[in-house]
Structures are given as C-alpha cells and as structure tokens.
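Structure, as structure tokens:
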Amino acid sequence: MQRTGGQLITDVLIQQGADRIFGVPGESFLAVLDAIVDRPEIEFITAKHEGSAAFMADADGKLTGRPGIVLVTRGPGASNAYAGIHVAYQDSTPLIMLVGLIGRDDTEREAFQEFDLKAIFGTQTKWTAVINDAVRIPELLTRAFQVATSGRPGPVVLGLPEDMLRDVVYDAKLPARTTAVQAAPAPAELDKLASLLAEANAPLIIAGGETWDEAACADLAKFSSEWNLPVACSFRSQDRLSALHANYIGDAGLGINPDLAKRIRQSDLILVLGARMGDCTTSGYTLLEVPVSAQKLIHIHPDPEEIGRVYAPELGICSGMKNMLAALAGLVAPADGVKWTPWTASAREDYLKWSTPNPVSHGPVNLALIMDHLNNTLPDDAILTNGAGNYTVWVHRFYKHRKFRTQVAPTSGTMGYGLPAAIAASLRHPDRLSICFAGDGCFQMTLQELATAQQFGARVIVMLCNNGIYGTIRMHQEKNYPYRVSGTDIANPDFVALAKAYGLEVAKVEETGQFADAFETIRASGKSGIIEIITDPEDLTPRNSLSEIRASAK
C-alpha cells in the first residue's frame, strides 16, 4: 500500500489516539489537510489565530492526558503559536505542534517565510526536530507522543517540509500506541518518607503539576485523611483535592491567603507532590529559603531535573503522581495517631474564613458573591477556564473546585487563554458546562475565537469582567509609580453588540443582584453567551481598592 507523507501523518495521529487537530490552514501542509478529508476519525478545528489554536491544544492535552495536537504553517504561523508552546512547557502539558515548512530544496536561501525551527522552539520544548524523509514519519511522530507524555510531560515540535508531505511511501508500518513512561517510588524511599512524616510536628502537603488522574486524586484524599495532613494546591492546580475535603486548606499561588503563607513558613515539613517549586507557588521564592529551607522538604516530581532545581530537598523522589499516590494511599499512619491534628484543623479554619465572600465591595458588583452563587448552582463537573488578570483572584479565592479537571488555566499567566481553552473543553466534554472567565483586556486578545465556537458547535459561557483597565498592571503601576498612569487604560468596544454580531446570547450585569437571572437565562438558552460584568476600577482586588493601593505606595 502506498501513502503520501500527508496521509502517513494522519495515519500515525489516529493510531496514537488523536481525534482532533487545532490549527489555521496553511499552504505548507495542504497534503495533510487533503488526507484528513478521507479520515472521519480525526477533525480539524479551524481557529482564527495560531496562538488560539495552540491554547486549544494545550487545554485538550490537560483534559485528556494525551498530547493536544496543533498544526500551523511556517514563519509567522508558527511564531504566532509560540505563546501556546510556552504555556505547555511551563504547565507540563503534553502537546505536539506540527509545523509546515518550506520545501527542502529551498533551505538556507531565506525563502518565503523560512525560519529556524530549532532555534526558535528548542529551548521551550522537550524535543524539536524536522522530518526530512517521509519514510521516517511513523518513527519520529510516534516518538513525539512518547516524549510528550513520559516523565515530566511537555510540548514537542516537529517540522514538516512541504515537499516531503507529497512524497510517496510504500508499505509503511505503524508502531503500536504509546504508553507514557513514569517512574515509581522505591520501597526504601517510601520508608524514609514515612519516617520523616512521623517525626514532624507541623507538616503540610503542596499538590499540583501534571501526571494526575481521578484515581490519583482519590488516593490523595485517602492519604490525607489517613494521616490527617493539610493539603494546599499549587498555583492553578486547585482541582487535585476537593475544596470540600476536611483537609483542603487553599491554594499556594498568586494572591495567597496570608495565613496560609504564614503556615507554610511555620511548618516543619513540606511534602510536595508533583508541583514545581517555582515563583508563583513560593510567593517569589520567599516562603522557603534558597537553597536550603528551614522546613524539611520532600519533593516528588516526575522529572529528576526538577528536584533540587531551586531547593535542595531532604528527600527527593522521581515518580509520576499516579504511581506515587497509589503507594501513599497504602502507607499506614502511626498506630497511636498523629501529633498535628489541631494544626490541620486550624489550617482548614483559615481557609474557610478566607474563602467566605466579602459582604461588601468597592463598587456595585461584588464578584465574591457572584462566585458564591456559582458555588451553589454549578454542577461539580463544570469546567472553569481563565487567562490572566486581577479578575482571576476572585475565581481562585472563592470558587470551590470539587472534581479533577475542572480548572484549566495557565500557570505562566498568559492573557487570552481562557476563551480558546473553554472552546476546547466544550468540544472535548460537550455534556459539561464550559465557563470562561476573562477580563476586558484578556478577552480582546482572542475574542475572534467566538466565531470558532459558533462554527464547530462549542458551547461556552463567558464571564467578561469589564473595568476599562489592565488591572494587574495598573495595580503594580500604582504601587511603584502612584498617580502616574501610562498605558493601562483600555478603550473597549460595545461588547453586547459584538456578542450579538457573533450570534451569541448576551446579558449585562451592573449590580450584583442582576447576575443570577442573567446567568440562568444564558444557561437555559443552550447556546454560547457572554455576561458582561461591569466592575469598578476601584475594585482592584478582594482585599484592597485602587485608592488604597495607591495610598500605600512607597
């Protein structure tokens, strides 16, 4: 049997379980688009910008644990998609980006849209390569799936020369579907971990990162209960343990509860499960001393190079979370109980107090009360996405995630991520509510993807927080250069008219009491919709107004 390179690409993708490709069509990979016509097993989702397509693939990779697939053209197309590769790299998301390239005969001539694929993507991927021989497509594309999912997951970029995709290959054999390779803890390592825990007086867990599934989350809940350990989740990993669990104590991320930050500093042992001990999780590397923390540190991570990157642990274990949590769930607590029961109860009380909505706000709309309404009305499996901005602080602080993979957001703080991610989530789980939170600045970076949602039948509800400023940057501006506003005001379109132009349902909320009816009206419509929530620029964070931040500037 003979197959073109383009046909082999689709054959391998389907063999590896891919059923959806996100991208923007380009002349450099017409042979792949042509091959898709004859393969109904795989769908091409046409985004309106390559960056959005990469965000969609990242969200799909997060939700499935298998690589999200994005297909873009050379030069400007691939460059547009770079933001999504950066997200996948910092988030440890399995993702494969295929890039159509110029023909092989024209390399090193600065041909039309020619660029150096490896130079641009090499430092932000687990592997970047060019497939110059169609015969090697099964080998190299299968390897991409193995690399993207094994160890610490992450993105892989493969270049596809245009003429190579038209070459004919005879009797190609397709490798079997890959299985992610993850390390597991050794018995001696588990014994040491148990010994360190038993010696502690004020331990806590920080859980996050990738290589989790529902079983791992259940094992975390069991282990936490058996040992009565308080569990904080790392930045934008709040769905690893239900917020309703008696031992959940909040998120260690941007806008951290000051009481939780204090508790992390006061603990005598921190067990890190899967999270990177990075900037956001450690409050700018201030919660623990670098490189040797006052707290004993046990760091479990699927990548051995991540262990000890910043903090030298008392015990480092290279393991995927599924294997690690399965082992911890079977770890028997001391027969005479643990010493830190009051510590755990107190930490839980801190969280409950912190997550209780503020009764008043700095404007007519109280976002905390809106989040509380969603806590009481959304199903447990509703998927919440967001990009970056101060509006996310209300989501992270007040929304209570109850199930795994209900929070899909970039740890790299990337604006514009929320809407594309919500579209990918709706396509992957059409039976679940897909809700995008966005600020006006964040939303305008990818709002054109409303057309993608309509075209492919995704159902998303956008909570658009409109305060007319780039809120996070204004906050830092006022802290450092009070009263000297520059570049942080936004001129917005008529979002209601815009939503109608895209054929969406629409509502506008200018005071808290209007939200419940607005949300239920759009939810009952069964269609995508936008709820424009007008917030006061003074309402910059749940704790401090813009004026208060300005007044406190040094």
So, do [X] and [Y] sit near enough that their side-chain heavy atoms are less than 4.5 Å apart?
{"X": "Val130", "Y": "Leu117", "result": "yes"}
{"X": "Pro161", "Y": "Ile102", "result": "no"}
{"X": "Leu220", "Y": "Leu273", "result": "yes"}
{"X": "Cys442", "Y": "Tyr391", "result": "yes"}
{"X": "Arg459", "Y": "Ser434", "result": "no"}
{"X": "Glu314", "Y": "Leu196", "result": "yes"}
{"X": "Met371", "Y": "Val395", "result": "yes"}
{"X": "Arg66", "Y": "Phe145", "result": "yes"}

Distance under 6.0 Å and angle within 45° of ring axis: Arg152 vs Tyr89 = yes
Listed by chain and number, what are the side chain to side chain contact (heavy atoms under 4.5 Å, CB included) partners of [X], not counting sequence neighbours?
{"X": "Gln7", "value": "Arg3, Thr4, Ala35"}
{"X": "Ala144", "value": "Ile96, Trp127, Leu141, Val156, Leu158"}
{"X": "Lys222", "value": "Ala329"}

Do any N or O atoms from the side chain of [X] and from the backbone of [Y] form a donor-acceptor pair under 3.5 angstrom?
{"X": "Thr211", "Y": "Gly320", "answer": "no"}
{"X": "Gln295", "Y": "Leu288", "answer": "no"}
{"X": "Lys126", "Y": "Gln124", "answer": "no"}
{"X": "Ser319", "Y": "Ala183", "answer": "yes"}
{"X": "Asp239", "Y": "Thr406", "answer": "yes"}
{"X": "Ser195", "Y": "Asp191", "answer": "no"}
{"X": "Arg104", "Y": "Asn132", "answer": "yes"}
{"X": "Gln455", "Y": "Ile45", "answer": "no"}
{"X": "Thr392", "Y": "Gly389", "answer": "yes"}
{"X": "His299", "Y": "Ala275", "answer": "yes"}

Which heavy atom of [X] sits nearest to which heavy atom of [Y], and what is that distance?
{"X": "Val408", "Y": "Ala59", "value": "CG1-CB, 3.9 Å"}
{"X": "Thr281", "Y": "Leu287", "value": "O-CD1, 3.7 Å"}
{"X": "Thr149", "Y": "Pro94", "value": "CG2-CB, 4.1 Å"}
{"X": "Val169", "Y": "Val135", "value": "CG2-N, 3.8 Å"}
{"X": "Ala148", "Y": "Pro67", "value": "CB-CG, 4.0 Å"}
{"X": "Ile249", "Y": "Ala232", "value": "CG1-N, 3.7 Å"}

Between Asn323 and Gln182, does a side-chain contact (heavy atoms from CB on, under 4.5 Å) hold up when you go through it step by step?
-> CA-CA 8 Å; Asn323 293 334; Gln182 296 292 335; 4.0 Å; yes
Kindly determine whether Lys296 and Ile270 satisfy side-chain contact (heavy atoms from CB on, under 4.5 Å), including the steps that lead there.
-> CA-CA 6 Å; Lys296 287 184 179 180; Ile270 299 176; over 6 Å; no
To the nearest 0.5 Å, what is the distance between [atom1] ([X]) and [atom2] ([Y])?
{"X": "Tyr248", "Y": "Ser242", "atom1": "OH", "atom2": "OG", "answer": "9.0 Å"}
{"X": "Thr142", "Y": "Arg177", "atom1": "OG1", "atom2": "CZ", "answer": "12.0 Å"}
{"X": "Arg432", "Y": "Ser426", "atom1": "CZ", "atom2": "OG", "answer": "11.0 Å"}
{"X": "Asp380", "Y": "Arg402", "atom1": "CG", "atom2": "CZ", "answer": "4.5 Å"}
{"X": "Trp227", "Y": "Asn247", "atom1": "CH2", "atom2": "CG", "answer": "14.0 Å"}
{"X": "Asn386", "Y": "Met463", "atom1": "CG", "atom2": "CE", "answer": "12.5 Å"}

Side chain to side chain donor-acceptor pair (under 3.5 Å) evaluation trace for Ser293 with Glu289 | CA-CA 4 Å; Ser293 61; Glu289 296 178 16; over 6 Å; no
If the threshold is 4.0 Å, N to carboxylate O, is there a salt bridge linking [X] and [Y]?
{"X": "Lys173", "Y": "Asp11", "answer": "no"}
{"X": "Glu210", "Y": "Lys322", "answer": "no"}
{"X": "Arg405", "Y": "Asp381", "answer": "no"}
{"X": "Lys192", "Y": "Glu189", "answer": "no"}
{"X": "Lys62", "Y": "Asp91", "answer": "yes"}
{"X": "Asp19", "Y": "Arg428", "answer": "yes"}

Should the heavy atoms of other residues, nucleotides or ligands under 6.0 Å from CD of Glu41 be counted, would the total exceed 12?
-> yes
Start with the C-alpha distance between Leu433 and Leu378, add both sets of side-chain angles, then the distance that settles side-chain contact (heavy atoms from CB on, under 4.5 Å), and finish with yes or no.
-> CA-CA 8 Å; Leu433 279 180; Leu378 288 183; 3.8 Å; yes
Can you check side chain to side chain donor-acceptor pair (under 3.5 Å) on Ser237 and Gln407, steps first, answer last?
-> CA-CA 7 Å; Ser237 295; Gln407 183 182 41; 5.9 Å; no
Establish, from distance only, whether the side-chain atoms of [X] and [Y] form a donor-acceptor pair under 3.5 Å.
{"X": "Ser225", "Y": "His245", "answer": "yes"}
{"X": "Thr125", "Y": "Thr128", "answer": "yes"}
{"X": "Glu449", "Y": "Ser52", "answer": "yes"}

Determine, stepwise, if the pair Arg74 / Glu162 fulfils salt bridge (Lys or Arg N to Asp or Glu O under 4.0 Å).
-> CA-CA 10 Å; Arg74 61 206 180 213; Glu162 181 178 0; 3.3 Å; yes
Describe, in one word, how the ring planes of Phe235 and His396 are oriented to each other, choosing from parallel (under 30°), tilted (30 to 60°) and perpendicular (over 60°).
-> perpendicular
Is the distance between the ring centroids of Tyr82 and Phe121 less than 6.0 Å?
-> yes
Trace of the side-chain contact (heavy atoms from CB on, under 4.5 Å) decision for Ile137 with Met164 | CA-CA 10 Å; Ile137 288 174; Met164 181 275 296; 3.7 Å; yes
Can you name the one residue among Ile205, Asp219, Leu193, Leu229 that meets side-chain contact (heavy atoms from CB on, under 4.5 Å) with Leu328?
-> Leu193
